[in-house]
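What follows is a single structure, written as structure tokens, with notes after it.
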Amino acid sequence: MGIKFSLVAVVGLILAAYIGVTAAGLSHFFGVSMPYLAMILFLGGFVYRVLKWGRAPVPFRIPTTGGQEKSLPWIKHAKFDNPSTKGQTFVRMALEVLLFRSLFRNTKFEIEKGHKLFYQWEKWLWLASLTFHYCFLVILLRHLRFFTEPVPFFVHGLEGLDGFLQVGLPGIYITDGLFILAVTYLIIRRLIIPQVRYISLPQDYFPLFLILGIGLTGILTRYVYKVDLIKVKTLTMGLISFHPVIPAGIGPIFFIHFALVCTLFAYFPFSKLMHAGGIFLSPTRNLPNDSRIKRHVNPWNYPVKVHSYAEYEDHFREKMVEAGLPVDKELEEAPSASAKP
Amino acid sequence: MAKVPKPSELELQHELPKTEWMDTPSVFKPGNFSYPGKAKNLKVLGLANPREWSPNDQDWKLPADWKNIVLEGLRERIDKYRTLKVFMDICVRCGACADKCHFYLGSGDPKNMPVLRAELLRSVYRKEFTLAGKIMGSMVGARDLTEDVIKEWFMYFFQCTECRRCSLFCPYGIDTAEFTIIGRELLNLIGCNIDWVVGPAANCYQTGNHLGIQPHAFKDMLEFFVDEIEAVNGIRIEPSFNRKGAEFLFVTPSGDVFADPGTYTLMGYLMLFHEIGLDYTWSTYASEGGNFGFFTSHEMMKRLNSKMYAEAKRLGVKSIIGGECGHMWRVINQYMDTVNGPADFLEVPKSPITGTTFHNAASTKMIHIVEFTADLIKNGKLKLDASRNDHLKVTYHDSCNTARGMGFFDEPRYVLNSVCNNFYEMPANTIREQTFCCGSGSGLNNDEFMEMRMRGGLPRANAVRHVNEKFGVNTLSCICAIDRAVLPTLMNYWVPDVSVYGLHELVGNAMVMEGETERTTDLRGEPLPGMEDNENEDI
Ligand code: HEM
Ligand code: SF4
Ligand code: SF4
């Protein structure tokens, strides 16, 4: 159900954009209003979400420790899996964000007869995920050429590097192909691994279909319909300089691509895609394991009802004295009704 | 107590139900749940809604406005815990955590996949706290809070040992144990808890330890072990209790005072402290290292933990040494100083024997006995004869809490390698930070839960069986009192020829003490290697 719903939603978006710009004369909406709206939602939503998270205090220092703690000087400390300083924690976070360190640990279980369990090598998710995210990043950065004049050197550099590895067809970016492959893998695994399918919600399929749609329409825009990129740049530069214009003659495929991208941006802050921000705030990863060394303060720590030693001794004084245990108040000093069973 | 199927008859299948998880009811069957908290224990602790009830009843006798209480409780906690707030929103349901949970591996129940366990709570959050959930409902994985949901929470938050193995593998560090801990807090607000947690907590609160050992009995029990030690090596030890002005206070889980094989570990502590002449005292008031309050709520954890610093202050000791325990050390490492500190009346722990200052405990002022012993051995302060443990082929179980809540790996291994000659590691996927739970942690070590315990313990037992078959390992060592209480049962079930030992029992075996008589047996009275002929002689 979730799959169909998400697929229908993405196809619906595509149709809406197509009909909108070809038949309903909504070029201005799809070319100008929608991107502005999307950016407002994206930036506003992102900031709002991060601030909302950030407002919640971190009462306890509970990093998940992934290696040897800092201990006696002669015991080798796993600095980056179990950091004890801010600097080491920074490296741990960098490993998480840039290399998906935790996901790299992944294994897959197998059961044999006789209740024997095995844990198999399983790095495909890590590989596909890393590929997907880096391709996404590179593609995003490459798109900067539509929003800058002159185009910064590193964008050209990226294009060069990306295209340099091209085989056969001229002008095809490696990242485009890898991106489609990786997203397809992520969709397929979600569909065929029974456990993953069982836990999947519409909001898990939707971004994948949307992103696949963005990738495919992007490729169509560039290689098949060969949309006039000069005109596209006129449009995008108009948008970022707040003097929007819609040049005539940009094919509908571009508007479809653009509408999907706008949807992704608008949807981002209200979805699980916020993991991009959340990972930085995750208390099991972003804190050093140093709470024996330095006191961590809980802003809402409050006094609680405890059973004091005095109450305890009142309760057991007779037995304690009889057993020869030291007491703070001798029997005769204490109120007589003290020793209960 | 439910009958537990024989290992060969224990069905193990990971087929998913035909129905979606939200439409699959949770069925309470003998062996898959723990008995509810008794009213008298709830009253001792001042917990809500004390009553007699059973999970099998149709009517759980919840307070009239239970729904409001739970939702308000959730709202309050979302604003108090960044973990909860962030983890509610960022799970991508990638499934990396799914098969990392020992309860999922051993039961095949999809709601034991950490991600689904968290969704049990997240689905209610979506409905109540997000716009999409309010509008689109089950379409976006949101659902109403009903009594059935409460029952499901009770089932699955008490089928999680808070071991945090899932958290290690999650790309964002989402810690399902946080959902369990807070989920249990919410259940406690309406009086749904298990007696194996609130019983010990009530005992600990009033009497000083989980087992409810009263002060005079505590002293008697320790003196019994003093006699036992004398029988083994002729040395008379004189421990002191509630003694003001001692240099150290020693606190260990009461389980070690109470039952085998923890008692042998306790004998190891007594021998070690005697041998090095440590100026220390036991306390009958702070006679519990463990903290079943932690399995009730953060507040209860604080209430029980408070005794350690309070007693250290009253007795005027310089610093505290803690015994071998798992969750006790998670609390000490990650919570104690925050909830009950600052311990500014104590000094940074310093070993009077080696002169080593434990800078890693600069603020809590409390050190782990294993790091203390490792330092003694490193500095050559103990005379050890590892061959006295030659009858044992040893492997080592990292307990979850010291593993993923501390990173305490090489200290115990160093000690282990110093006190025994045959040490074999289990496979890499099952030790250190990736260690598998004993299956009975977080207050689930009761008898009625036995089938799930044996299931949840399977991944651990499976790894032990591997080294048992490969190297002939017959000894599973550990530094956790719950492990010592539950692993013997687990081994008996899955790998019957393996026995369980605490680390300091092995230290006690190997330690050559000043003035000891010739040793013929280990602390358990079993003949030492080469002494088998003396077996029938008196010692
Ligand atoms: C700080 C930046 C980010 C980090 C560290 C990060 C990390 C991850 C990781 C580790 C996963 C889990 C593996 C997987 O399921 O593929 C994941 C999933 C995902 N990420 Fe990101 N991500 C980041 C930013 C983004 C951005 C900007 C997008 C934009 C669309 C995105 C889209 C996704 C999607 C759609 C999934 C789910 C894949 C699936 O359903 O299988 N991520 N991310
Ligand atoms: S590993 Fe983390 S992100 Fe992935 S499903 Fe589990 S909790 Fe969610
Ligand atoms: S904390 Fe442990 S028991 Fe609980 S869900 Fe995670 S892996 Fe399972």
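Keep in mind that what you see is a predicted model, and the values were worked out from it rather than measured. A, B, ... follow the sequence lines: proteins, then strands. Residue 1 opens every chain.
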Query - Top contributor to chain B contacts, counting heavy-atom pairs under 4.5 Å, from A:Arg292, A:Glu69, A:His115 - result: A:Arg292

Query raised in the report: Between B:Glu311 and B:Arg314, is there a side-chain N and carboxylate O pair less than 4.0 Å apart?
Result: yes

Requested in this report: May I ask you to check if A:Lys123 and A:Phe104 form a cation-pi contact, with NZ or CZ under 6.0 angstrom from the six-membered ring centre and within 45° of the axis?
Outcome: yes

Requested in this report: May I ask you to check whether over 12 heavy atoms, not counting those of A:Phe118, lie within 6.0 Å of atom CZ?
Outcome: yes

Query raised in the report: Do any N or O atoms from the side chain of A:His133 and from the backbone of A:Ser129 form a donor-acceptor pair under 3.5 angstrom?
Result: yes

Query raised in the report: What part of B:Leu168 is in contact with chain A, defined as an atom under 4.5 angstrom from a non-hydrogen atom: side chain, backbone, both or neither?
Result: both

Query raised in the report: How about A:Phe316 and B:Phe218: are their ring centres within less than 6.0 Å of each other?
Result: no

Query raised in the report: Do you know which of A:Lys272, A:Arg295, A:Arg61 has the most heavy-atom pairs with chain B at a distance under 4.5 angstrom?
Result: A:Arg295

Query raised in the report: Can any side-chain N or O of B:Thr364 pair as donor or acceptor with the backbone N or O of B:Asp337 at less than 3.5 Å?
Result: no

Report summary line: Bottom line for A:Lys116: the part with an atom under 4.5 Å from chain B's heavy atoms is both

Report task. Heavy-atom distances under 4.5 Å only: say whether B:Ser283 touches chain A with side chain, backbone, both or neither. Result -> neither

**Report entry** Short side-chain to backbone donor-acceptor contact, A:Thr65 and B:Gly407, under 3.5 Å
**Finding:** yes

Report task. Please confirm whether the backbone N or O of B:His102 pairs with a side-chain atom of B:Arg460, one donor and one acceptor, at under 3.5 Å? Result -> no

**Report entry** Cation-aromatic face contact A:Arg285/B:Tyr172, 6.0 Å, 45 degrees
**Finding:** no

**Report entry** Which atoms of B:Thr430 approach chain A - backbone, side chain, both or neither, heavy atom under 4.5 Å
**Finding:** side chain

Report task. Pick one of side chain, backbone, both or neither for B:Thr19, based on which atoms fall under 4.5 Å of a heavy atom in chain A. Result -> backbone

Query raised in the report: So, are B:Glu371 and B:Lys378 salt-bridged, with charged N and O less than 4.0 Å apart?
Result: no

Requested in this report: Let me know if B:Ala96 has heavy atoms under 4.5 Å from chain A in its side chain, its backbone, both or neither.
Outcome: both

Query raised in the report: Among A:Leu325, A:Val327, A:Leu103, which residue forms the greatest number of heavy-atom pairs with chain B at distances under 4.5 Å?
Result: A:Leu325

Report summary line: In terms of heavy-atom pairs under 4.5 Å with chain B, the winner among A:Ala323, A:Ala78, A:Gly66, A:Gly114 is A:Gly66

Query raised in the report: Quick one: does B:Thr281's side chain have a donor or acceptor within less than 3.5 Å of a partner on B:Asn242's backbone?
Result: yes

Query raised in the report: Given that the side chain runs from C-beta out, which part of A:Gln68 has a heavy atom under 4.5 Å from chain B: side chain, backbone, both or neither?
Result: both

Query raised in the report: Which bit of B:Met406 comes within less than 4.5 Å of chain A, counting heavy atoms only: side chain, backbone, both or neither?
Result: both

Requested in this report: Side chain from CB out, backbone as N, CA, C, O: work out which of these in B:Asp89 comes under 4.5 Å of a heavy atom of chain A, or both, or neither.
Outcome: both

Query raised in the report: chain A: which of B:Leu12, B:Val115, B:Val140 shares the most heavy-atom pairs with it under 4.5 Å?
Result: B:Val140

Query - Proximity breakdown for B:Leu10 and chain A, heavy-atom pairs closer than 4.5 Å - result: both

Query raised in the report: Based on non-hydrogen pairs under 4.5 Å, which of B:Lys219, B:Met366, B:Glu119, B:Met136 is most in contact with chain A?
Result: B:Lys219

Query raised in the report: Where does A:Tyr302 contact chain B at under 4.5 Å (heavy atoms): side chain, backbone, both or neither?
Result: both

Query raised in the report: Would B:Lys244 and A:Asp328 pass as an ion pair if we require N to O under 4.0 Å?
Result: yes

Query raised in the report: When you measure from the side chain of B:Asn340 to the backbone N and O of B:Met336, does any donor-acceptor pair fall under 3.5 Å?
Result: no

Requested in this report: Give, as side chain, backbone, both or neither, the part of B:Pro110 having an atom under 4.5 angstrom from any heavy atom of chain A.
Outcome: side chain

**Report entry** Top contributor to chain B interface from A:Leu117, A:Val196, A:Ile279, A:Asn289 [non-hydrogen pairs under 4.5 Å]
**Finding:** A:Leu117

Query raised in the report: Only one of A:Lys76, A:Arg92, A:Arg105, A:Lys70 clears salt bridge (Lys or Arg N to Asp or Glu O under 4.0 Å) with A:Asp81; which?
Result: A:Arg105

Requested in this report: Quick one: which of A:Ser308, A:Pro63, A:Pro207 has the most heavy-atom pairs under 4.5 Å with chain B, could you say?
Outcome: A:Pro63

Report summary line: Cut-off 4.5 Å, heavy atoms of chain B, and the answer for A:Tyr312 is side chain

Query raised in the report: Under 4.0 Å between a Lys/Arg side-chain N and an Asp/Glu carboxylate O for B:Arg432 and B:Asp410?
Result: yes

Query raised in the report: Do you know which of B:His298, B:His466, B:Lys365, B:Arg243 has the most heavy-atom pairs under 4.5 Å to chain A?
Result: B:His298

**Report entry** Side chain B:Arg82, main chain A:Gly54, donor-acceptor under 3.5 Å
**Finding:** yes

Report summary line: Okay, A:Ile75 and chain B: the region with an atom under 4.5 Å from a heavy atom over there is side chain

Query raised in the report: chain A heavy atoms under 4.5 Å from B:Glu178: which part of the residue, side chain, backbone, both or neither?
Result: side chain

Requested in this report: Measure distances from B:Leu131 to the heavy atoms of chain A and classify the residue's part below 4.5 Å as side chain, backbone, both or neither.
Outcome: neither

Query raised in the report: For A:Trp53, is it the side chain, the backbone, both, or neither that has a heavy atom closer than 4.5 Å to a heavy atom of chain B?
Result: both

**Report entry** Between A:His307 and B:Tyr285, ring centroids under 6.0 Å
**Finding:** no

Query - Atom group of A:Ile199 that falls short of 4.5 Å from chain B, counting heavy atoms - result: both

Query raised in the report: For B:Pro7, is it the side chain, the backbone, both, or neither that has a heavy atom closer than 4.5 Å to a heavy atom of chain A?
Result: backbone

Query raised in the report: For A:Asn82, is it the side chain, the backbone, both, or neither that has a heavy atom closer than 4.5 Å to a heavy atom of chain B?
Result: side chain

Query raised in the report: Considering only heavy atoms, which portion of A:Trp126 lies under 4.5 Å from any heavy atom of chain B: side chain, backbone, both, or neither?
Result: neither

Report summary line: Okay, A:Leu125 and chain B: the region with an atom under 4.5 Å from a heavy atom over there is side chain

Query raised in the report: What part of B:Thr338 gets closer than 4.5 Å to chain A, counting heavy atoms only: side chain, backbone, both or neither?
Result: both

Query raised in the report: Just by distance, do the side chain of B:Asp99 and the backbone of A:Phe109 share a donor-acceptor pair under 3.5 Å?
Result: yes

Query raised in the report: Relative to chain B, which segment of A:Arg101 carries a heavy atom at a distance below 4.5 Å: side chain, backbone, both, or neither?
Result: neither

